[in-house]
Amino acid sequence: MYLRPGNLYKDFTVEKKGRSISSRGRAKSGYSDDGETLRGVLAEAKPQEKERWRQLQHPISHTIVQKGKPKAAPEDRLIFGDRIFFVQGVDEPGALGLWTIYYVEERFDGHEYQD
């Protein structure tokens, strides 16, 4: 991991995706903030990473590297100020709990994924 100017640690609020039943009996999904935060380094994804995830039908725009075990899962979203990042994938290299890489897509339209 290389730190460049602007790539310093940032605090992200983790919003977990939840599912419930509406008053009409239909499935609905939403996000809840249970106070979980993670500290990580935000960087623009490399072109090779973008292409790989695009082929998997999960486009990404950035990666977030966090020290420690994963605190978010795919379909959760990470909030940094007024920026929203949807988690497309999580990678824990070596499965040792030392580092976690989140592959995320930044959205500007307020889009929420619905099932």
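Note: Phe85 and His62 have perpendicular aromatic rings, judged against thresholds of 30 and 60 degrees for the angle between ring planes.
Contact between Val87 and Ala72 at its shortest, heavy atoms only, is CG2-CB, 4.4 Å. Nearest heavy atom pair, residue Val14 against residue Lys71, reads CG1-O, 3.8 Å. When all heavy atoms of Thr100 and Gly68 are compared, the pair lying nearest together is OG1-O, 2.7 Å. Nearest heavy-atom pair across Asp76 and Lys16 is OD2-CD, 3.2 Å. Contact between Trp53 and Gly89 at its shortest, heavy atoms only, is CH2-CA, 3.6 Å.
With values rounded to the nearest 0.5 angstrom, His58 atom NE2 is found 6.5 Å from Gln88 atom CD. To the nearest 0.5 angstrom, Phe86 atom CZ is 15.5 Å from Ile60 atom CD1. Here the NZ atom belonging to Lys69 is positioned 10.0 Å from the CG atom belonging to Leu96, to the nearest 0.5 angstrom. Residue Gln66 holds its CD atom at 9.5 Å from CD of Glu92, rounded to the nearest 0.5 Å. Leu78 CG to Ile84 CD1: the interatomic distance, rounded to the nearest 0.5 Å, is 10.5 Å. Thr13 contributes atom OG1, which lies 7.0 Å from atom CD1 of Ile79 (distance to the nearest 0.5 angstrom).
Of the possible donor and acceptor atoms, none in the side chain of Tyr102 sits under 3.5 Å from a partner among the backbone N and O of Pro70. Distance alone, capped at 3.5 Å, places no donor-acceptor pair between the Glu51 side chain and the Arg54 backbone.
When each of Val104, Thr37, Ile64 is paired with Phe12, the side-chain contact (heavy atoms from CB on, under 4.5 Å) condition holds for Ile64 and for no other.
Checked for salt-bridge contact, Lys50 and Glu44 meet the test: a charged N lies under 4.0 Å from a carboxylate O. Between Arg39 and Asp11 there is a salt bridge, with a side-chain nitrogen of the basic residue lying less than 4.0 Å from a carboxylate oxygen of the acidic one. Taking a cutoff of 4.0 Å between a charged side-chain nitrogen and a carboxylate oxygen, Glu49 and Arg52 do not qualify as a salt bridge.
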